Amino acid sequence: MRKLLSVGLILALLLAVLPSLHAASAQPKRGGTITMAISKELALMNPLVNTSSTEARIRELMFEPLLARDLKGAIQPRLAESWEVSKDGKLYTFKLRKGVKFHSGKEMTADDLKYAIDYTLNPKNGAYGYEDLNAVDRAEATDKYTLRIHMKRHNPLFLTLLTDIRAFSAIPKESLPEGLRKPTTFPAGTGPFRFVEWQPGQRIVFDRFDEYWGQKAYVDRVIMKEIGDATVRFTALQAGDVDLIERTPYEWVQQIVEGKIKGIGFAKAAQAGARNLEFNVTDPPFDNKKMRQAIAHALDRKEIMQAAYFGLADTADQRFPVGHFWYFADVPMLQFDPNKAKALLKEAGYKGETLELMGNRGEVAEIEGATIQAQLKRVGVKVELKIFERASALELRRAGKFMFKLAGGSDYPDPLPAYVEYVCEPDPRKRRLNETGYCDKEYDALIKKAEGEVDPAKRKAIFKQVVAKLMDDSPIVSIGFTPRFFTFRDHVKGFTTNASGDFQPWGAGLNHAWVDK
Amino acid sequence: MKEEALARPEWTAADTVNSYVSGFLAACRVIARNRLALFGVVIVGTWLLTALLAPYIATHDAYEINIANRLKGPSSDHWLGTDYLGRDTFSRLVFGARTAFQVAIGAVFLGAFFGIPLGAISGFSGRWVDSAIMRVMDSIMAFPGRLLAIALVASMGGGLFSLYIALGINSIPSYARIVRGVVLAQKEKEYVEAARMTGESDFNILFLQVLPNCLSPLLIRLSLDFGHAILAESSLSFLGLGLPPPTASWGLMLKEVTPFLQLQPMAAFFPGLTISLIILGFNLLGDGLRDVFDPRQYER
Amino acid sequence: MFVRYLIQRIWQLIPVLILVSVAVFLIVRVIPGDPVLVMLGIDPEERSRISEEQYQALQQQLGFDRPIYVQYVHWVSKIVQGDLGLSLRSRRPVFEIIFERYPATIYLALTALLVGIAIAIPTGVIAATRQNTGADYAAMGFALWGIAMPNFWLALMLIVLFSLKLGWLPSIGYASPLENPLRFLQHACLPAIVMGTDLAAPLTRYIRAEMLEQLKQDYVRTAWAKGLPSRMVIIKHALKNSLIAAVTVVGLQTARLLGGSTIVETVFSWPGVGRLLIEGIYSRDYPIVQGAVLLIAVTYVFINLCVDVVYKWLDPRIKLE
């Protein structure tokens, strides 16, 4: 008994001391280097053209978009200090922050931003933001710090799009070659780090930009190394070759969570992407709503997520996670119910035909696919897994040649971009995210109504109808969210990430990290 | 001795068959006397039976997943443990034998089907036909087979047929070269001249009289090629370029557990051991056949 | 006579290279997957977000809208001028990219070759000189297993043992031997053993068989009878002649190694041409794939030519003895 008491006393003392210890070590220090392993090699030193998702990570160190989004999704100033929108939504006037320096030392002006927009809008340049800016008619620099954007039509999502570095970012005027010619170095940016050197296949080096207008970074230097294989990436972290890695394999994260691996911490981006099952609703057998619902009822989401993400991921039945402002708990989901699935299959007239499930090679789709295949077998559905590597899958999807498929989705700040994708577009080549071919007048009318609505309560009511409609028609079935894990060695402090795993100023990232060695 | 028999002008198709049969029986007798070769036959035979009787041998459904039971070591229920989806490794190895033989038979057949006639024509016609065919064969050999495999798998979404073609095309040159070599050697022999005199057609001379001489090197080649095809299939599947998951394929099994090596090394151990074993079997068989047919070795 | 043979052999290479270039040119274009889509259509969710105007503007700039024979002629005419074009993905010269990667493949191939020969020669000689003893059986067992074992499995097992369990060697990575020889050896150790075993297993058998053959020859018996020490005899005469015969085997293997082993490079994350080719195919980077295949084919035929010529040159001496 006494022993127990003394142990309790020591514990209490420890608990009392710990917070102060924590506070002492939580004082950020300047200096040091962080070496980060990224999953894909940098290809192109052109911030306006995207070739892989990792490049967005690199760009977020050096470049900045016009606006920012805080953790609640609200639009915040960044390079633009304030803005005005005309009543018809066809003219945006941005007042730019004064004294923002490019890494080259030159001050950023409205002319530079106009250049970036013009560059993006030229289809010959193959810029990534071309689609984001498709409602833009032209940009105009009325004075040194005023940028006007004239729109072809009203786009209710326009400001949200401008918070994304992928739409366009500030670069000095005439700093990129036109067309497909390659830039020989990165143009200067305005971000917290500046580009130093790139040794292809080996490393990319960035130094802190001391004249950054915002909160300056703590570390002196960031080195990025490409390590394609996820297991290898983690081994390099364990060996101490790198300090921080992205996309840690889930089985290793599980080991860290269980305390089997010491000295390594992690930051979780819980909704870095969504995982959905999408049906081609224009062709049999999934032109039949009952078939789609039957499949939805046959899915055991928990098992799929457990198989693919070792229990580290959340399941989903709507585009937004449970508990989110835009999640509608009162819209009933299509529950896991094998008997109901069997009954629906019967009603739909399924006679044991082989269904083809498409997925991308080399991703979790192979695991998810095998799991779904086994689950559907339990209700008597024969599934053949068609795993294509990405380039082939892209083409097949664009041509609408598939039965049903596993697909990813982004996270969205607002339901409008999430649900606007399912409005009718008969030409598969022109569809963006709605590769299902779903086309419903009632749905389109609801979205139209939502686009014109600004009152939050009314919006919520409309989107509830939207979600219910989509749930009933089931052109897509949400399965869960892809988590992504950054893992780092203990001496890396202050590194956090937001739910989508990017390096936005409010989502933390490398410009908030510091080294405690 | 064989040559004398062949020299008879009234040589018929039935005689060809007979010479094949008696040759085969003689080979069997020699192999039965060679211990290593016999061992090879036993290995190959066992796996062939396993492939044929897979559903009766497997202890579990090779495709039924059990997430709670993933990456377990060998136990009384799962003799060789489970894979990353909790599937029974032993049962998947058993069904994997089916996949391996299917691919190998298809690929070897395709290679031989095109390679033998091409080699025969090449050797028999000579001059520009010969050089044209041989340059094509050289090109196939210089061309990285992976590209072809990827091309086919990508365009067909994987599957047996694409593997048949990818592996088959790559083995065409070896058959063509063997047959061409033998044909070139036999062409000048007396019995061919004799057959020509009697007005026998080139086709008959080639296929009924000259080609049987290729039998021995071809059998050796076939046996080795079976091994090669199985190895190639598992290599491609290991790279993710072979059969799509969840097919029970040995190479794919290895690929699937590679990320989990540190957690469960056993999961990678057994599929590799199986591949080694079966290829060893085919190689021993091939060596045995070489002993039978290669007089130089035979005398030793 | 010898020069004529050489010219004839080189002359034969031309149609082979033309065929290979046509084949690769057609094959990359037959594979489904449009390089322009891959260039444009990638965002983190792998979704397509491609506008028709951008698509057509890029197709036109890259010349993919022209008839295929025009594209081929254009490509070949550039090659003749020593220009392999620009990579679609990174817009850098293909030549530059390939020669960034090729050294890694060459260094590994040479290391593997050394490992292979270092294993095969002593093993083969011992097996032959002590025919039908335990040493012979062990050597032949090694050779049989080495041939039968899939190299990727050997690679995995070596990683498990030496990197994961014992922690002696890094499992992956690369350092240039010119910059950091020690780290290169650490990194090259496991892949070189894997590729070296691939080479050593058949070579051991070959050397053993040749040695047995040589040891029965008259000249060995004569030397033996003259009372020369047996070891000298074996090494100087029998081995020398066996090695000449082994040139072909080694040469063919070298040609294969220099093409870059996709599997070994993938397992060990070795930045060589084998992986470059695979990556190029995945991103439908036509110029990279075409360039890499051409390089691999040229290497292959060139080494084959060398082997044949060297053999031809060595051959008469064998017959003279």
Side-chain angles (χ1 to χ4, degrees), chain B residues 36 40 131-132 134-157 224 227 230-232 234-236 238-241 250-251 254-255 257-258 261-262 265-266 268-269 271-284 287 296-297 300, chain C residues 12-24 26-28 30-33 140 144-145 147-154 156-157 159-161 163-165 171 205 209 212-213 216 255 259-260 262-263 266-267 273-274 277-278 280-282 284 289 292-293 296-301 304:
Chain B
L36 275 179
S131 20
M134 283 341 272
R135 291 299 80 74
V136 173
M137 295 300 122
D138 286 348
S139 309
I140 295 178
M141 289 179 72
F143 199 83
R146 307 152 252 183
L147 177 61
L148 194 67
I150 296 170
L152 287 159
V153 170
S155 52
M156 298 177 175
L224 295 175
I230 289 175
L231 188 62
S234 49
S235 304
L236 284 176
F238 179 76
L239 284 174
L241 298 172
W250 297 331
L254 267 170
K255 178 203 172 228
V257 296
T258 304
L261 262 189
Q262 202 162 4
M266 274 316 195
F269 182 70
L273 194 68
T274 308
I275 301 173
S276 311
L277 201 63
I278 193 152
I279 293 167
L280 183 71
F282 276 115
N283 282 344
L284 289 176
D287 287 355
R296 198 180 71 158
Q297 300 248 337
R300 197 184 282 169
Chain C
Q12 281 178 356
L13 295 186
I14 294 170
V16 171
L17 290 178
I18 291 176
L19 274 174
V20 168
S21 74
V22 172
V24 64
L26 290 178
I27 283 178
V28 289
V30 164
I31 308 178
M140 285 304 97
L144 277 172
W145 263 107
I147 294 171
M149 200 160 32
N151 56 5
F152 51 93
W153 185 59
L154 178 62
L156 292 181
M157 292 299 117
I159 289 177
V160 167
L161 185 63
S163 302
L164 301 181
K165 295 278 170 214
S171 60
R205 296 186 60 176
L212 286 176
E213 194 71 11
K216 277 191 289 181
T262 312
I263 288 206
T266 304
V267 174
V273 280
L277 176 59
I278 293 273
I281 294 167
Y282 283 152
R284 298 294 185 274
V289 177
V293 167
I296 292 171
V298 167
T299 315
Y300 183 87
V301 294
N304 264 296

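Please read all numbers here as calculations on a predicted model, not as lab measurements. A note on names: the letters A, B, ... follow the listed sequences, proteins ahead of strands, and every chain is numbered from 1. Note: hydrogens, waters and symmetry copies are ignored here, and every other heavy atom, side chains too, is used.
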Straight-line distance of B:Ser276 OG to C:Leu154 CG, nearest 0.5 Å: 9.0 Å

Region of B:Asn283 that comes under 4.5 Å of a non-hydrogen atom in chain C: side chain

The single option from C:Val16, C:Ile27, C:Leu19 passing side-chain contact (heavy atoms from CB on, under 4.5 Å) against B:Phe143: C:Ile27

Contact origin within C:Thr266 toward chain B - heavy atom pairs under 4.5 Å: side chain

Part of B:Ser234 lying under 4.5 Å from any heavy atom of chain C: both

Geometric class of the C:Trp153/B:Phe269 ring pair [parallel <30°, tilted 30-60°, perpendicular >60°]: tilted

Chain B contacts, top residue of C:Leu277, C:Ile263, C:Val298 (heavy-atom pairs, under 4.5 Å): C:Ile263

Nearest-0.5 Å distance, CG of residue B:Leu277 to CE of residue C:Met149: 12.5 Å

B:Phe238 and C:Val267, any side-chain heavy atoms less than 4.5 Å apart: yes

B:Met141 portion near chain C, given a 4.5 angstrom heavy-atom threshold: both

Flag side-chain contact, heavy atom, 4.5 Å: C:Val301 against B:Asp138: no

Leading residue by heavy atom contact count with chain B [cutoff under 4.5 Å; candidates C:Ile281, C:Asn304, C:Thr299]: C:Ile281

Interatomic spacing from CG in C:Asn151 to CG in B:Leu231 - rounded to 0.5 Å: 7.0 Å

Side chain, backbone, both or neither of B:Ile140 within contact of chain C (heavy atoms, under 4.5 Å): neither

C:Met140 and B:Leu36, any side-chain heavy atoms less than 4.5 Å apart: no

